[in-house]
Amino acid sequence: MARLVIVSNRVALPSEKAGRAGGLAVALREALQRRGGLWFGWSGETVSGTPGEPELLQSGKITYATIDLNAEDYHHFYIGFANGVLWPLFHYRVGLSEFRRPAFEGYLRVNEIFARRLAPLLQPEDLVWVHDYHFVPLASELRRLGVTNRIGFFLHIPFPAPEVLLTLPVHQRLVRDLCAYDLVGFQTEDDVRALQRYIVDEAGGTLTGDGGAACFGASTRIGAFGIGIDTESFARLAEKAVQRPETTRLTDSLAGRELVIGVDRLDYSKGITQRLEAFRELLSRWPEHRSRVTFMQIAPVSRGEIAQYRALRREIEGLAGRINGKFSEFDWTPVRYLNKSFSRSVLAGFFRVSRVALVTPVRDGMNLVAKEYVAAQDPKDPGALVLSRFAGAARELKDALIVNPYDVDAVAAALHAGLVMPREERVQRWRRMMEVLERNTVGVWRERFLGALEQAAPG
Ligand code: F6P
């Protein structure tokens with residue numbers, strides 16, 4: 001079996017506190033441990049001069065190699081281009097995307113540095129698996145250095161329709177770089193079609209059937225590989241978590257009220273503002289829920305260096321405060337808003353005791369919270385999932401209450417429907433969703449991608 005090399009911006013080092021590593025990190029680590037391999041990425045540190053050689057750490061059959069980045073390069077790469085341009089654009093927020101050439105040049109520079117530091121660590125048969133929008137140009141840079149290994153790319157976030165992508169001044173360069181990979185994996189067929197449409201309509205390329213594409217003088221394969229979770233272990237975690245002190249404290253604090261839960265990074269793609277408005281609408285339109293339902297939104301602060309994220313934080317604080325000001329009683333606060341993160345096992349317990357989960361991103365590659373919420377439910381008395389049609393997960397979880405997150409009235413109505421849904425219907429919907437999650441686990445996703453990469457023609 002070929003050795004596996006994973007490249008991602010953040011690396012889940014073995015020192016990461018037990019229980020904090022997400023399901024994806026665990027699944028990737030598992031593959032590295034089985035095949036033997038290397039996990040290469042950013043150390044999380046910036047330096048003022050030129051960064052040195054990668055720091056290597058051996059743990060079992062896995063070598064972790066992390067590099068520092070020059071502070072200015074990091075700023076252009078991470079804040080300026082990856083999260084200032086690609087993130088908003090790929091989430092269809094064209095107006096938030098602020099393209100500047102110095103940022104793009106910094107993005108390319110960091111990809112070049114990554115390639116130069118990674119290339120000497122590669123062995124001839126290694127399978128290289130690059131993750132996410134931070135590293136679109138990495139395969140091109142590696143090829144320039146003479147690397148002929150099979151290189152695959154998986155995009156965790158959505159890939160935009162050509163009409164949106166064309167607003168990016170360097171769209172052609174970006175797609176040319178994508179085509180330098182031997183395999184490009186997306187979350188959904190919609191993303192696949194978006195790239196295929198660009199290739200045919202904008203780049204004059206051809207599709208060769210069975211996922212093949214020829215463009216910019218290269219040939220690649222494109223496919224949908226929707227990411228899953230470790231369904232069984234998350235379900236077990238949730239079952240046990242019911243006994244955890246945090247879960248007991250939470251249920252005690254509710255004093256018999258129903259809990260509605262939202263868990264997201266504090267990001268404008270997650271639709272938290274519209275969701276709060278929908279909750280306010282629920283309380284206005286169905287006053288019977290007042291004093292009977294509590295909405296807990298967990299939203300750890302993310303990318304706080306970026307102005308739009310800070311503005312969003314202020315907006316949400318204002319909205320949550322206004323809802324509480326308007327509806328609170330001396331013994332009931334409708335919205336609990338927490339800028340905190342919790343371990344997976346605490347979250348699993350919180351999911352299990354929630355009657356409804358609101359997963360209403362305005363755009364999301366997949367959304368694993370939706371899947372984890374379903375996996376965490378009590379099979380005999382499961383909760384209901386309200387899910388945005390714009391999350392990749394909606395393609396699989398068809399038995400959720402699917403909503404348009406921009407339609408505040410409709411989200412409020414779906415939330416009401418979830419709260420009053422008879423147990424029998426909840427059980428039926430949950431069973432069908434659980435079957436999907438049991439079929440497409442994170443392990444299945446990983447092996448499907450690696451299998452396809454092994455089949456792809458190298459170089
Ligand atoms: O969803 C994309 C993603 O990059 C995830 O891989 C990551 O967990 C999350 O966003 C947080 O991103 P950041 O590394 O910017 O904190």
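Both ligands and their constituent atoms are indexed starting at 1 by order of listing. Side chains included, hydrogens not; waters and symmetry mates left out as well; all remaining heavy atoms used.
- The two residues A384 and L401 have their closest heavy-atom pair at CB-CD1, 4.4 Å.
- Within a 4.0 Å radius of atom 7 (C) of ligand 1, the protein contributes no heavy atom.
- For S345 and R244, the side-chain atoms include at least one donor-acceptor pair closer than 3.5 Å.
- Closest protein heavy atom to atom 10 (O) of ligand 1: R303 NH2, 3.1 Å.
- Proximity to D132 (heavy-atom distance under 4.0 Å) selects the following atoms of ligand 1: 2 (C), 4 (O), 6 (O).
- Checked by atom type, the side-chain pair D68/Y74 shows no donor-acceptor distance below 3.5 Å.
- The side-chain contact (heavy atoms from CB on, under 4.5 Å) check on A410 picks up D407, with sequence neighbours excluded.
- For atom 14 (O) of ligand 1, a protein non-hydrogen atom is found at a distance below 4.0 Å.
- Neither the backbone nor the side chain of Y309 comes within 4.0 Å of ligand 1, counting heavy atoms alone.
- Checking only distances, Y78 does come within under 3.5 Å of ligand 1, N or O to N or O.
- For R100, the CZ atom is loosely surrounded, since the number of other residues' heavy atoms within 6.0 Å does not exceed 12.
- One finds no salt bridge joining E105 and R109 here, because no Lys/Arg side-chain nitrogen approaches an Asp/Glu carboxylate oxygen to under 4.0 Å.
- Given atom 16 (O) of ligand 1, the protein heavy atom at minimum distance is R10 NH2, 3.2 Å.
- Residue, atom and distance of the protein heavy atom nearest to atom 9 (C) of ligand 1 are R265 NE, 3.6 Å.
- Every pair passing side chain to side chain donor-acceptor pair (under 3.5 Å) that includes a residue from residues 156-175 is listed here, sequence neighbours excluded: H131-H156, E163-R197, H171-Y198, R173-D177.
- Every heavy atom of W42 sits 4.0 Å or more from the atoms of ligand 1.
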